[in-house]
Amino acid sequence: MKLADIKHWTPEVEKEITTRWRALERFRFTLGTKPIYSIDTPPPYINAPIHLGHATTYSYMDFFARYKRMRGFDVLFPLGLDRNGLPIELSTEKKYNITPHKIGRESFIEACEKMLNETGEESVGSFADLGISFTSYQHGKHIGAVYHTDSPEYRALTQATFVNLYLQGIIYEDTRINNWDPKLQTTIADSEIEYHEIPSTFNHVKWKVKETGEEIIIGTTRPELICTCAMVIYNPEDSRYKHLAGKHAITPLFGKEVPIKEHPFASIEKGSGLVMMCSAGDTHDIQFFREQKLKPTIAIEKNGKMNDHAGFLAGLKVKDARAKIIEELNAQGLLAKQENIVHRTPVSERSKAEVEFIEMPEFYLRQQDCKEDLLALARKMKFYPENARKLLEDWIHQVSIDWPISRRRYYATPIPLWHSDGKIAVPPPGKYYVPWKEQPPADSTVLENGKKTGTVRDFPSLAWTGETRVLDTWFDSSISELYVLQYKRNDEFFAKAYPATLRPQGKEIVRTWLYYTLLRGHLETKKACFKDVWIHQHITDEQGRKMSKSLGNVIDPQKIIAKHGAEALRLWAAIEGNLAKGDLRCSEEKISAEVKTINKLINVAKFVLQFEKPKKTPALTATDQLFIDFLENITALAEENYEQYDFFTPMLKLRNFLWEIFASHYLELVKGRAYNRDGEFSAEESDSARHALYRLLERWITLCHPIIPQATSTIGEALGIDLHACTFPSAKQGTSDLAQIDEIAAFNTHIWKLKKEKGISLNSPLEGITIPANLGAFAKDLKACHKL
RNA sequence: GGACUCGUAGUUUAGCGGCUAUAACGGCUCGUUUACACCGAGCAGGUCGUCGGUUCGAAUCCGACCGGGUCCACCA
């Protein structure tokens with residue numbers, strides 16, 4: 001739509017523009033001579049529509065992308081869609097009311113695919129409506145095409161990296177106690193655990209010392225694990241228990257004899273000072289058992305129920321077993337005291353089930369060896385804001401076990417291995433394999449005891465069983481930048497583009513996405529995989545609370561766009577706060593207020609366009625030069641801050657300039673001179689005004705184009721400028737005294753107030769006013785403006 | 001327990017050593033002036049969380065405390 005036809009800026013006006021833009025594929029990537037600026041965007045899950053956080057953060061990324069294009073970069077800004085892993089499985093289970101255990105693997109995967117196909121790609125439409133300038137909105141083989149994380153190409157790369165790491169021994173299989181999600185029936189990594197405050201009881205249980213028959217009290221929150229106790233410890237400094245050294249304790253109810261030792265792990269203040277060391281209470285127990293060379297007793301099965309080791313508790317779920325044993329201890333007078341406490345309990349991030357610790361064979365990726373390397377790489381990347389680096393460093397420091405990467409789930413990348421009689425077949429990297437329903441390719445490498453013994457072709461008589469486990473979703477996601485930069489697919493491009501320029505992401509996935517990506521990048525390339533990392537905070541409601549369905553405070557970006565438009569949403573996102581600094585509080589009222597700014601801009605532009613633009617640059621009057629210099633000053637500020645991913649500081653100034661300086665004061669001041677209806681100004685003076693009006697408008701829309709591309713482009717078209725191909729201006733600092741703008745504004749306000757007090761209209765003449773001496777240079781404009 | 005972050009008009013917020021502390025929304029009073037009533041002009045509204053310190057001068061720097069939010073660790 002043409003500027004002249006727009007009465008008000010509406011969502012309908014936007015729809016026409018964004019639909020056209022989406023079809024144009026204007027930002028397709030072509031490998032040229034320009035430097036590359038690449039953004040490793042976070043692929044959203046497609047099973048739910050995008051929320052306001054997505055809308056806002058992708059708008060920011062679009063600011064970055066559009067700005068960098070204006071700075072002469074070839075920008076790679078791809079759209080990825082996440083379709084792997086547990087969220088997909090869980091929403092499939094919910095949608096069709098099925099479980100994989102009931103309907104079987106193959107049917108379940110088909111159901112997941114069906115769900116994904118039915119879900120469609122609403123989010124792609126939302127991004128287009130927002131005016132996000134992705135490299136492409138189309139699928140295909142081109143660089144920057146829309147990609148799916150469950151595509152054969154993506155999964156083939158995931159498997160290729162698995163194969164390489166496996167052959168190097170960086171990935172290995174081992175049977176050890178690990179975090180177990182009893183609901184999802186799979187091992188999970190530390191990073192997938194969150195802690196919930198759950199009410200629990202701290203039970204003081206009476207034990208007996210074998211040698212002396214004395215009674216001792218041991219406190220525990222997990223009495224159902226008494227049957228797995230292998231040792232009782234106290235702190236070496238704890239004089240109360242010195243006499244127990246070398247003696248034995250008898251477990252209550254189970255009557256098992258366990259040694260009593262001193263160990264610094266026990267603290268004197270907590271409980272009674274005596275600790276029962278059980279296998280699989282938590283990961284520390286596991287470490288303790290390894291250190292003491294104790295044999296763990298596994299009493300909890302993978303279905304979350306107690307087994308025969310638990311005696312009379314066998315068959316009960318952990319929670320029920322806990323209740324039952326407390327009841328039994330109480331009945332036998334073995335419970336000295338019981339306190340209600342709130343226990344920080346580890347739960348599975350995805351299923352919210354309480355994590356158990358059980359022993360399973362799983363694949364692990366060695367990550368403890370490279371902690372120092374990763375810390376060094378973390379120091380090489382630039383963080384915006386700088387203090388976000390600490391989130392990553394803290395996590396790296398606390399990594400204490402290898403990363404379990406195998407999952408006993410279904411809709412994910414299969415582990416590309418086959419087994420037969422102690423031999424393992426490893427396929428050649430590059431293709432997508434589904435081992436649980438395919439045979440290994442003939443040229444697969446065969447390993448026995450970790451050594452190559454030929455290929456599958458050499459063992460024609462062997463029957464191969466495909467691996468049924470799949471890979472942790474983070475094992476896929478952590479190569480997103482490698483995939484986007486065409487790793488192992490387009491070597492020329494990869495060599496030029498790697499490392500990626502920017503990783504934009506939320507603070508809550510530093511320990512997962514950022515950490516794992518850094519780790520995988522390091523293992524593949526030995527380099528830091530990003531130059532810049534931009535960490536953003538959250539979008540909350542007006543009171544600073546997280547948006548959640550249960551609170552009923554969720555704001556749907558699609559509704560916002562339909563009601564107020566994307567430009568208002570983007571402008572609000574830029575102006576309302578610095579997302580890298582703190583959470584952004586959102587209210588619909590504030591967004592709707594920015595619609596006014598867009599309309600103001602449209603009206604200012606219409607005003608300017610009614611004049612003819614002088615063909616030659618005239619000599620500029622002091623007034624015109626002053627306002628031009630003022631905007632030059634903001635230009636310098638914009639350039640400096642945009643480079644630091646700060647669009648907030650300059651946009652505040654630009655917005656203020658539009659309303660308070662350009663529209664309120666400058667336009668009023670030069671209106672008469674631009675019209676020059678009575679010929680009271682010279683042709684040159686009038687030209688100066690019209691030249692300056694155009695120059696200020698052009699500069700303003702250029703500076704704001706990354707943020708409000710639709711409105712500025714519409715104006716650009718009317719001015720004959722294609723902002724999409726426009727270079728970002730460099731500031732020319734002027735010599736005007738910029739403080740004079742404030743003085744002019746103050747004088748104007750003074751006159752306006754005076755006229756109001758006298759009850760005369762603003763364009764009536766006013767007698768007896770003298771222009772202050774310091775505003776002498778602007779006297780002619782001031783006189784004309786106020787009819788003095 | 002360790003760390004980070006934030007407390008400024010009714011609400012959201014700018015400022016982060018020096019003009020009378022920003023602005024928007026909301027409220028109030030005027031007003032259709034030829035870019036704009038999705039507007040204009042103006043008004044009211046603040047002991048800048050509390051208490052100390054540094055300084056000629058503190059919303060701004062330092063310390064303590066109070067109160068939000070977040071991350072990490074731990075709670076046998």
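The chains referred to below are lettered A, B, ... by the order of the sequence lines, with proteins before strands, and numbering in each begins at 1. Below, all heavy atoms of this structure are taken into account, side chains as well, without hydrogens, waters or symmetry copies.
Within the 4.5 Å cutoff, no side-chain heavy atoms of Phe662(A) are placed close to those of Trp700(A).
Taking the P atom of each, G17(B) and U11(B) are spaced 27 Å apart, rounded to whole Å. U8(B) and A21(B) have their C1' atoms separated by 9 Å, given to the nearest Å. Taking the C1' atoms as reference points, C6(B) lies 14 Å from A59(B), given to the whole Å.
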Heteroatom pairs (N/O) under 3.5 angstrom, protein to nucleotides 15-17 of chain B:
none

Pick out the pairs of N or O atoms, protein on one side and nucleotides 23-27 of chain B on the other, that lie under 3.5 Å.
from	atom 1	to	atom 2	distance (Å)
A24(B)	N3	Lys590(A)	NZ	3.1
C25(B)	OP1	Lys596(A)	NZ	3.4
C25(B)	O2'	Glu589(A)	OE1	3.1

So which protein nitrogen or oxygen atoms get under 3.5 Å of nucleotides 31-36 of chain B's nitrogens or oxygens?
from	atom 1	to	atom 2	distance (Å)
U34(B)	O2	Arg677(A)	NH1	3.4
A35(B)	OP1	Lys671(A)	NZ	3.4
A35(B)	OP2	Tyr675(A)	OH	2.0
A35(B)	O2'	Asn603(A)	OD1	3.4
A35(B)	N6	Ala663(A)	O	3.3
C36(B)	O4'	Asn603(A)	OD1	3.3
C36(B)	O2'	Asn603(A)	ND2	3.2
C36(B)	O2	Lys600(A)	NZ	3.0
C36(B)	N3	Lys600(A)	NZ	3.2

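Here the CD-CG distance, from Glu356(A) to Leu225(A), works out to 7.5 Å after rounding to the nearest 0.5 Å.
Rounded to whole Å, atom P of G42(B) lies 7 Å from atom NE2 of His665(A). Rounded to whole angstrom, the span from the CD atom of Glu588(A) across to the P atom of U12(B) amounts to 17 Å. In this entry the distance linking CD of Glu386(A) with C1' of C4(B) reads 14 Å, nearest Å. The interatomic distance linking Asp583(A) (CG) with C4(B) (C1') rounds to 13 Å, in whole Å. Between the P atom of U70(B) and the CH2 atom of Trp395(A) lies a distance of 18 Å, rounded to the nearest Å. In this structure, CG of Leu392(A) is placed 17 Å from P of C4(B), rounded to the nearest angstrom.
Shown here are the side-chain contact (heavy atoms from CB on, under 4.5 Å) partners of Lys783(A), two or more places apart in sequence or in another chain: Ile771(A), Leu788(A). With sequence neighbours left out, the side-chain contact (heavy atoms from CB on, under 4.5 Å) criterion links Glu668(A) to Lys671(A), Trp752(A), Cys785(A). By the side chain to side chain donor-acceptor pair (under 3.5 Å) test, Asn603(A) is found to be paired with no residue, residues two or more places apart in sequence or in another chain being considered. When the ring pair (Phe, Tyr, Trp, His ring centres under 6.0 Å) test is applied to Phe648(A), no partner is found at least two apart in sequence or on another chain. Remark: Gln610(A) engages Phe607(A), Tyr675(A) in a side-chain contact (heavy atoms from CB on, under 4.5 Å) (not counting sequence neighbours).
Of the candidates U13(B), C72(B), C71(B), U13(B) carries the atom nearest the Arg585(A) side chain, counting heavy atoms from C-beta on.
For residues 507-518 of chain A, every residue pair satisfying the salt bridge (Lys or Arg N to Asp or Glu O under 4.0 Å) rule, not counting sequence neighbours, is listed here: Lys507(A)-Asp583(A). Every pair passing salt bridge (Lys or Arg N to Asp or Glu O under 4.0 Å) that includes a residue from residues 589-606 of chain A is listed here, sequence neighbours excluded: Glu594(A)-Arg655(A).
For Gln398(A), a side-chain nitrogen or oxygen approaches OP1 or OP2 of A73(B) to under 4.0 Å.
Within 4.0 Å (heavy atoms only), Trp659(A) reaches sugar-phosphate atoms of the nucleic acid but no base atom.
Remark: side-chain polar atoms of Gln367(A) are paired, donor with acceptor, to backbone N or O of Ile401(A) under 3.5 angstrom.
With a cut-off of 3.5 Å on both pairing distances, the Watson-Crick and G-U wobble pairs of RNA chain B assemble into stems of 3 or more at B:1-7 with B:66-72, B:10-12 with B:23-25, B:27-31 with B:39-43, B:49-53 with B:61-65.
Salt-bridge check for Lys559(A) with Glu588(A): failed, with every basic side-chain N at 4.0 Å or more from each acidic carboxylate O.
Residues from residues 747-754 of chain A that place a heavy atom under 4.0 Å from any atom of RNA chain B, listed by number: Thr749(A), Trp752(A), Lys753(A).
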